Amino acid sequence: MHATAQPGALSRRSFLVGSGAVTVGLAFGRLPQAHAQGGGFSPVAWVTIAADNTATIYSPASEMGQGTMTAIPMVFAEEMELDWNKVRVVQAPPNPRLFGNPRFGGGLTTGASRTVQGYYEPLRLAGLQGRLVMLGAAASAWGVPVAELRAENSTVVHVPSGRRVTYGELAKTATAPAELPKVDKTMLKPMAQFKIIGKDLPRVDVEAKTNGTAVYGIDVRLPGMLYASLLPAPVQGERAESVDDAAAKAVPGVRAVVALPTGVAVVADSFHTARRARELLKVTWTRSAKARAYDSDAAMKEFVARAENLADAGVTWHQHGDAPSAIAGAARTFKATYTSEHVAQFTMEPMNCTAKVDGERIELWVPSQTVGFVVGGVAAAGGFKPENVKVHITLLGGGYGRRVEAEYAVDAALIAKAVPGVPVQLIWTREDDMHRSKPRPMTAQHLIAGVDAQGRIVGLQHRVTAEQIYGRVLPGPFKAGGSKDVPVMEGSEGVYDFGSHLVQQCLEDRGIACSFWRGVGPGYLKFALETLIDEIAAAYHRDPLQARLELLAKSPRAQAVLHEVAAMSQWTRARPAGRALGMAFSDTWNSFIGMVVELSLDQGKPVVHKIWAAVDCGHALTPRNIQTQIEGSALFGMSAALGEKLTYKGGEPQQKNLDTYPLLRANATPEVEVKVMPTDHHPGGIGEVGLPPVAPAMANAIARLTGKRLRTLPFPATVA
């Protein structure tokens with residue numbers, strides 16, 4: 001009996017976590033109360049056991065289609081020995097002290113493929129604590145030693161006598177211990193004893209999404225609710241100087257016109273009315289924003305020049321050995337410059353938020369990836385105390401990093417503050433979404449590889465010029481960390497043995513807010529690296545598979561996925577005329593993936609026929625869902641490679657909707673065959689893993705067909 005959470009009362013206090021002040025202990029803190037609301041018993045904060053033996057598990061991450069609302073509760077249920085058929089799942093209250101992700105400094109953030117990685121061990125330990133509390137309750141009730149008891153399927157069994165009692169029966173009288181049992185990872189189950197982890201259990205959110213009862217942010221309906229449509233400033237950083245709103249206010253149903261730092265909003269009794277009235281606004285905008293001077297085509301030339309200027313050292317991101325000296329003494333040198341354009345997240349559900357202000361308190365219903373950014377942003381902009389900001393996280397119609405930042409929630413809060421006592425739902429149109437995009441940073445990369453006489457890389461210098469993300473979003477931690485931009489540069493290191501390796505980061509700030517995107521850094525960094533490896537192998541008439549296997553001699557897990565994908569795709573089998581295979585590898589997010597793409601060309605345009613992928617992400621929580629995530633992220637990356645591009649002129653995006661920003665269509669999607677290879681390791685991330693290798697695998701196949709090396713993302717309109 002599984003259920004997803006619906007927007008409702010959340011009683012625990014919200015914490016401001018953007019400062020990084022909150023940390024999470026081994027087992028997520030003490031019990032907040034002996035018994036949960038509704039009369040159930042909470043042996044640990046993550047679960048409530050009801051008298052009918054049902055267990056309600058809190059899911060801390062935002063569910064945006066990646067399956068964490070199933071995977072994370074499975075981890076807890078495994079160690080607590082819960083009967084999965086009696087589990088229900090609800091969204092956790094926004095309490096980072098209890099439910100925060102250790103890999104986000106204790107914040108309630110979903111993204112960067114850190115959800116399973118961050119919660120896996122702590123949730124297993126918490127589940128073990130819950131099991132020990134239930135065993136202790138049974139031992140106390142029966143007057144027997146705990147050592148004579150075992151737990152299975154939400155039941156405690158007295159081994160010598162066979163006597164049994166359900167967790168639900170114990171919940172009626174159990175009391176919380178003064179101190180939770182001490183546990184450590186040596187007490188956790190070995191992989192061979194897993195009963196839930198690794199099983200293809202149905203996702204808990206699918207039923208509601210199928211029958212229409214699922215509630216996304218845009219589905220929230222509250223009594224007396226009004227709607228808002230916001231006319232955004234034409235350029236980021238501009239604001240309204242003067243507003244003539246007479247015509248807008250004359251539209252029947254319009255309740256208010258509200259000037260915000262980001263634009264001018266119309267509040268009305270329907271969204272259609274608000275949207276129609278906003279078009280009647282006459283606004284004079286400031287013209288002083290830095291972004292006014294931004295032309296992405298011109299900036300790209302400057303990015304390339306900086307990437308190729310070796311005298312501009314930038315910030316050293318990674319250094320192993322003396323790469324410049326190794327390159328200088330190499331038998332041969334390869335140089336290549338790669339570029340990648342801005343791309344938008346283009347979520348299925350546009351940005352939206354519902355807010356209601358009552359005096360000094362505000363309540364928000366929002367499809368967000370980060371509770372902390374919502375609380376912090378609303379508190380700072382609206383003058384609310386963080387403890388007076390109550391947040392309900394709904395289901396998300398796609399995130400891809402766009403819903404990490406929360407300016408849409410801040411806009412909704414400021415609008416609601418102007419019409420207190422009434423819930424207001426702000427919805428961005430698709431055009432608004434494109435116009436206010438916070439895209440993936442534009443980049444230029446310059447790679448220099450020195451090789452020996454056999455074509456083996458002995459030194460690699462990798463220079464990246466890109467617009468910053470962390471420098472804008474988290475300036476404090478960014479500076480404290482040596483001005484290193486993690487999402488921009490993630491994926492530049494890896495398990496390849498280059499002999500010596502130097503990675504340099506040269507950050508830019510052109511006034512356009514760039515942000516998180518599905519597989520931010522690895523999406524372009526692996527493209528450059530994997531295509532250069534192929535180019536070097538081809539120059540020495542070496543098999544690209546063998547070239548990679550040699551570079552991965554110290555990583556058996558990496559070699560295993562390449563061997564497997566080569567077998568899946570029959571790598572050495574000749575293909576029909578006009579078709580070719582391309583290979584790529586990625587090791588980001590502590591997961592290993594080998595990918596092979598088969599494609600042909602139709603009038604110079606790539607046609608992908610099939611994608612094969614072998615992935616080792618350690619403990620594979622839900623293999624079937626992992627396959628789905630690899631399929632989805634591979635197609636996401638394929639779409640970006642084939643034509644997604646957001647260009648700016650005078651600070652304004654030139655693409656407005658799908659007519660000028662083409663996404664991959666269903667009739668162009670190939671079959672994707674995925675082999676999940678579980679190994680006995682801590683699980684790696686998975687939601688983005690299929691994206692980094694797809695573009696380089698495609699480019700490498702194109703090079704095999706045409707001899708032409710592609711160095712731009714997206715690819716040219718025609719490649720041959």
Side-chain angles (χ1 to χ4, degrees), residues 65 216 218 229-236 238 262-263 271-272 274-281 285 291 294-300 339-352 396-403 408 426-442 512-515 517-518 523 601-608 632-670 691 694-695 698 710 712-719:
Y216 295 85
I218 207 166
S229 182
L230 176 68
L231 179 67
V235 173
Q236 292 183 24
E238 304 288 20
T262 55
F271 178 73
H272 173 72
R275 177 72 176 83
R276 182 163 57 91
R278 98 172 201 190
E279 297 306 309
L280 300 176
L281 293 169
W285 305 97
Y294 185 59
D295 181 310
S296 54
D297 289 339
M300 180 63 84
T339 61
S340 63
E341 302 284 352
H342 293 296
V343 284
Q345 295 86 355
F346 221 98
T347 60
M348 292 178 287
E349 178 191 18
M351 301 304 111
N352 67 89
L396 284 61
Y400 315 127
R402 183 59 185 91
R403 299 184 196 274
Y408 53 98
L426 170 67
I427 303 173
W428 290 6
T429 66
R430 180 61 69 195
E431 291 82 2
D432 294 339
D433 233 1
M434 291 292 289
H435 181 78
R436 298 187 68 180
S437 178
K438 289 187 174 178
R440 184 181 70 182
M442 188 175 74
I512 294 293
C514 296
S515 195
W517 188 83
R518 192 174 190 176
L601 299 177
D602 181 6
Q603 298 182 350
K605 298 182 182 296
V607 177
V608 178
S633 55
L635 296 178
F636 200 93
M638 180 179 160
S639 178
L642 288 179
E644 292 188 42
K645 178 180 178 180
L646 197 62
T647 56
Y648 287 82
K649 300 291 183 184
E652 295 191 44
Q654 300 303 291
Q655 292 73 29
K656 309 299 183 183
N657 210 320
L658 287 172
D659 57 334
T660 51
Y661 189 88
L663 296 180
L664 186 70
R665 299 298 197 260
N667 63 357
T669 57
L691 189 147
V694 70
M698 292 168 62
L710 301 184
T712 64
L713 287 176
F715 298 159
T718 57
V719 300

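Only heavy atoms go into these numbers, but all of them, side chains included; no hydrogens, no water, no symmetry mates. Since the model is a prediction, treat every value here as computed from it, not as a measurement.
Looking at Leu426 and Asn352, their side chains never come closer than 4.5 Å, going by heavy atoms from C-beta outward. With contacts defined as side-chain heavy-atom distances shorter than 4.5 Å, the pair Met638/Pro670 qualifies. Side-chain contact between Phe346 and Ser639: absent, with no pair of heavy atoms (C-beta onward) separated by less than 4.5 Å. For the pair Arg436/Thr262, a side-chain contact is recorded, criterion being any heavy-atom separation below 4.5 Å from C-beta on. Contact of the Ser340 side chain with the Thr712 side chain is not registered, since no non-hydrogen atoms from C-beta on lie closer than 4.5 Å. Annotation: side chain of Pro653 is not in contact with side chain of Met434 (no heavy-atom distance under 4.5 Å). Contact check for Pro714 versus Leu642: no side-chain heavy atoms found under the 4.5 Å cut-off. Using a 4.5 Å heavy-atom threshold, the side chains of Ser437 and Asp433 count as separate.
For Pro441 against Ser515, the heavy-atom pair with the smallest separation is CD-O, 3.8 Å. Between Gln236 and Ala513 the shortest heavy-atom distance is OE1-N, 2.7 Å. Heavy atoms only, all atoms of each residue included: Ile427 and Phe271 are closest at O-CE1, 3.4 Å. Taking all atoms of both residues into account, the shortest heavy-atom contact from Ala695 to Leu713 is CB-CD2, 3.9 Å. Contact detail for Ala344 and Glu644: the closest heavy-atom pair is O-OE1, 3.9 Å. Pro606 approaches Phe715 most closely through the heavy-atom pair CG-CD1, 4.5 Å.
Interatomic distance, Glu652 CD to Ile512 CD1, rounded to the nearest 0.5 Å: 9.5 Å. If you take NZ on Lys656 and CG on Leu646, they are separated by 9.0 Å, rounding to the nearest 0.5 Å. Distance check, rounded to the nearest 0.5 Å: CD1 of Ile218 to CG of Leu396 gives 12.0 Å.
With hydrogens and angles disregarded, no donor-acceptor distance shorter than 3.5 Å links the side chain of Asn657 to the backbone of Asp659.
Counting only N and O atoms by type, the side chains of Gln654 and Thr647 include no donor and acceptor under 3.5 Å apart.
Between Asp602 and Lys605, no side-chain nitrogen of the basic residue sits less than 4.0 Å from a carboxylate oxygen of the acidic one, so the salt-bridge criterion is not met. Using a 4.0 Å cut-off between charged side-chain N and carboxylate O, Glu349 and Arg403 make a salt bridge.
The salt bridge (Lys or Arg N to Asp or Glu O under 4.0 Å) check on Glu431 picks up nothing, with sequence neighbours excluded.
Because its NZ or CZ atom is not both nearer than 6.0 Å to the ring centre of Tyr400 and within 45° of the ring axis, Arg518 does not count as a cation-pi partner of that residue.
Checked against the 6.0 Å centroid threshold, Trp517 and Phe636 count as a close aromatic pair.
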Starting from the C-alpha separation in whole Å, work towards a yes-or-no answer on side-chain hydrogen bond (donor to acceptor under 3.5 Å, both in side chains) for Arg402 and Thr347. CA-CA 8 Å; Arg402 183 59 185 91; Thr347 60; over 6 Å; no

What verdict does the side-chain contact (heavy atoms from CB on, under 4.5 Å) test give for Leu664 and Leu635, after you've listed the backbone C-alpha separation in whole Å, the side-chain angles of each residue and the deciding distance to 0.1 Å? CA-CA 8 Å; Leu664 186 70; Leu635 296 178; 4.2 Å; yes

Is there a side-chain contact (heavy atoms from CB on, under 4.5 Å) between Gln603 and Thr718 once you walk through the steps? CA-CA 8 Å; Gln603 298 182 350; Thr718 57; over 6 Å; no

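Each of Lys645, Met442, Arg440 was compared with Val343 under the side chain to side chain contact (heavy atoms under 4.5 Å, CB included) criterion, and only Arg440 meets it. When each of Glu279, Arg275, Arg278 is tested with Ser229 by the rule side-chain hydrogen bond (donor to acceptor under 3.5 Å, both in side chains), just one qualifies, namely Arg278.
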